[in-house]
*Asks:* 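I have a structure here, written as structure tokens, and I will follow up with some questions on it.
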Amino acid sequence: MAKHQFQTEVNQLLNLMIHSLYSNKEIFLRELISNASDALDKLHYLKLTDEKYKGLDQPEKIVIAYDEEKKTLRVSDTGIGMNDEEMVENLGTIAKSGTKSFIESLTGDAQKDSHLIGQFGVGFYSAFMVAHKVEVLSRKPLEEKAWRWVSDGSGEYEIEEAEKEGYGTEITLHLREEAAEFASEWRIKSIVEKYSNHIPFPIYLLNDKGEEEQINKASALWRLSKSELKEEDYKEFYKQISHDSEDPLLWVHTRAEGTLEYYTLFYVPKKAPIDLFRVDYQPGVKLYVKRVFITDEERELLPTYLRFVRGIIDAEDLPLNVSREILQENVILSKIKKASVKKILGELKKLMEKDREAYEGFFAEMGKALKEGIYSDFENKETLLDLMLFKSSERDGWVSFKEYKERMKEGQEKIYYLMGEDENLLRHSPLLEKYKAEGIEVLLFADEVDAIVMPGVSEYDGTPLENIANVEDEGEVDEKTKEKYAPLLAAMKAELGDAVKEIRLTKRLKDSPAVVVFDKNDPDLQMQQILRQMGQEVPEPTPILEINPDHEIFSRLLLVDDESQTREVAHVVFDAAKMAAGLEVKDVADFNARLNRLIARAIGQA
Ligand code: ADP
Ligand code: MG
């Protein structure tokens, strides 16, 4: 008998489980059945594609047995099984980096964490929520030896050689006192019906007379016709494949016949999957061929901007042993993908028109991912643009391009926007002043991805887009004013030196004295940030300082013609404008000192 230590992350997870921050204990059965089903899937595939496995003849099934008195529950399958090494690998460590970092991200706040765990799908270790001891007896087909894995979930487990008739896996739970209720016929039946009805293999319950009674439908739900399915069936199935505890937002069920035959069932969740913005996110769509599970590791079954979608693709016309490596180049799959994207986007559009509130909820969760499609999916760009929602200078809620256009002022020829990393800063940007005064709406692009995506959008439905930070309006300042200000601007430029690229007058400000903008040819703030995050060295472009000639500060400065004041004002105005743009002011002490001197001077002078 060999003793082993659980990996640290496993211990952390087990601790969480056992100390029962999870209110919904019954899902342990769903997890064990889901693992049994995966194991059956894997063997089924081998039997169809690998000569060595062709002779295996144990029926493919899952059997649940229980003993009320002994308080035990057993889940057996005739699947792929595990040997000792695989037990160490699969039941003693957490391999997926996503799972690891998920555990690290847990807060320690029981309520919050239990919700997260619910979203995540807890797997095998959830058995310890209800059991004080778990035994796994397993034998692989084509292998002689069987192995027993035992643990009480407190830091260690043991593995020893054992006897087992037939191949497959048998998991026995010794239930905790307070979880004894799970060793009962009605409880097991109701949990299976709730979570595992549409597992593609039959699940039997072993009764007192030793008879096996089938307790699930065992149908590939996605192959049933819509008329046979109730809303509840769809929702249940969603929970089964997604591990989500909430109902899905919507689903699309398709059966395609004709030249290409396939079935798809896609779900859009209400909440963003927690790994939505992780590079190692788990794909949500499973590929089947003729009902046979092929893979749930393929990320390109749908475009990556739809990675929040959960569901099934079951293709009739692919060979079973389609190499997993070349899936991406497969013509049939790419046709299915294309049609599926249209369906899903179409369904989202319907939702947007039918139930705006629900759509806004969706967009708040998944909109950033969806936006990526604007530059990656040229074919659906128009539809995607229709699906976008933005914040706007004129209202609190969300606005679509279409709504913006409907509200455009007479004579307005462009869709105006302003881009930045912080919605609040944008709302108060001096650049908006002129537009606000004229009642012209400006869209606020405050998502990081906007900086990548939006520059590629030059128009919507025939109307050009314009970044108001790039509008140069110096030409609107009359020559006389320019002449009058030339010496002042020159003095300020001399003082600020290389810190500013240029100082010029602007007509775009109403209340603010100044604003910083960037040269059209320099990367703007958002782009700079993104490039840096991608690990690139980005020299900080030098800002341009634009001055409002109608502002009191400058009209007075002209009058007093005091060189030392001009120098102070140049710095303070420049720094304040940088702050308003979300730029860092490097020497805050210097800024404060100058500001204080100016205030002291001003007091009593007005
Ligand atoms: P996941 O199912 O997400 O991989 P789990 O914690 O549920 O994570 O299971 C961990 C691993 O243990 C599985 O990936 C599988 O390799 C193995 N395993 C669990 N149950 C079985 C089983 N009944 N038969 C064969 N392997 C199993
Ligand atoms: Mg699992």
Side-chain angles (χ1 to χ4, degrees), residues 4 6-7 9-14 16-17 22 27-46 53 56 58 60-65 73-100 102-103 117-131 134-143 146-151 153 157 159 162 164 166-173 195-196 199 201 203 239-244 273-275 280-284 286 293 295-297 310:
H4 301 262
F6 283 118
Q7 184 195 28
E9 285 85 359
V10 174
N11 273 326
Q12 283 169 301
L13 187 60
L14 283 170
L16 283 164
M17 300 267 171
Y22 202 59
I27 59 102
F28 79 93
L29 192 54
R30 170 186 83 187
E31 297 296 332
L32 295 183
I33 290 173
S34 141
N35 286 347
S37 172
D38 291 348
L40 285 161
D41 265 332
K42 283 178 196 154
L43 184 57
H44 186 78
Y45 176 79
L46 288 176
Y53 290 86
L56 299 178
Q58 286 177 231
E60 295 174 337
K61 63 179 184 179
I62 298 166
V63 178
I64 304 176
L73 181 82
R74 172 175 300 167
V75 179
S76 324
D77 65 68
T78 46
I80 189 77
M82 280 177 280
N83 57 28
D84 53 342
E85 277 170 33
E86 290 168 331
M87 284 173 164
V88 171
E89 179 85 1
N90 299 333
L91 310 180
T93 62
I94 293 174
K96 288 180 211 142
S97 59
T99 313
K100 272 193 197 169
F102 159 71
I103 294 165
I117 287 184
Q119 256 196 53
F120 201 72
V122 276
F124 170 76
Y125 302 109
S126 65
F128 288 98
M129 295 194 300
V130 295
V134 176
E135 287 180 62
V136 181
L137 177 63
S138 192
R139 181 156 85 75
K140 290 180 80 70
L142 315 184
E143 284 185 23
W147 299 91
R148 177 181 285 107
W149 179 103
V150 188
S151 177
Y157 60 92
I159 296 176
K164 185 180 185 307
Y167 54 80
T169 302
E170 209 176 272
I171 298 184
T172 307
L173 310 188
Y195 296 108
S196 311
I199 288 284
F201 302 97
I203 303 172
K239 290 177 186 175
Q240 183 186 308
I241 60 166
S242 69
H243 301 280
D244 194 348
I274 52 173
D275 58 0
D280 57 356
Y281 71 90
Q282 183 69 26
K286 296 176 202 281
F293 173 77
T295 179
D296 57 3
E297 298 285 333
R310 301 298 181 239

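Just so we're clear, the structure is a prediction, and the values are computed from it rather than from any experiment. Whatever order the structure lists them in is the order used to number ligands and atoms, beginning at 1. No hydrogens, no waters, no symmetry mates; every other heavy atom, side chains included, goes into these values.
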*Asks:* Considering the heavy atoms of A39, write down every atom of ligand 1 situated less than 4.0 Å from one of them.
*Replies:*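 Close to A39: 24 (N), 25 (C).
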*Asks:* Looking only at non-hydrogen atoms, find the nearest pair between V134 and A127 and report the distance.
*Replies:*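 Heavy atoms of V134 and A127 come nearest at CG2-CB, 4.0 Å.
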*Asks:* Indicate the atoms forming the closest heavy-atom contact of S196 with Q240, along with that distance.
*Replies:*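 Heavy atoms of S196 and Q240 come nearest at CA-OE1, 3.6 Å.
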*Asks:* Report the part of L91 (side chain from C-beta onward, or backbone N, CA, C, O) that has a heavy atom under 4.0 Å from ligand 1; answer both or neither where that applies.
*Replies:*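 L91 to ligand 1: side-chain contact only, backbone stays beyond 4.0 Å.
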*Asks:* Name all residues meeting the ring-ring contact (aromatic ring centres under 6.0 Å, His included) criterion together with W147; count only those two or more places apart in sequence or in a different chain, and write none if there are none.
*Replies:*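 With sequence neighbours excluded, W147 shows a ring-ring contact (aromatic ring centres under 6.0 Å, His included) to no residue whatsoever.
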*Asks:* Backbone N or O of D275 within a donor-acceptor pair of the Q282 side chain at under 3.5 Å?
*Replies:*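 Here the side-chain-to-backbone pair does not exist.
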*Asks:* Taking the Mg ion (ligand 2) as the centre, how many protein N/O/S atoms fall inside a distance shorter than 2.8 Å?
*Replies:*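 Excluding waters, the total comes to 1.
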*Asks:* Applying a 4.0 Å heavy-atom criterion (strictly less than), which segment of D77 is in contact with ligand 1: side chain, backbone, both, or neither?
*Replies:*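 Side chain only.
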*Asks:* Just which atoms of ligand 1 are under 4.0 Å from any heavy atom in G123?
*Replies:*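 Answer, ordered by atom number: 5 (P), 6 (O), 7 (O).
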*Asks:* Is M82 near ligand 1, meaning one of its heavy atoms is under 4.0 Å from it?
*Replies:*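 Contact check M82 vs ligand 1: positive.
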*Asks:* Is ligand 1 under 4.0 Å from a heavy atom in the side chain of T169, in the backbone, in both, or in neither?
*Replies:*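 Answer for T169: side chain.
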*Asks:* Does F293 have its ring centroid less than 6.0 Å away from the ring centroid of Y45?
*Replies:*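 So the answer is no for these two rings.
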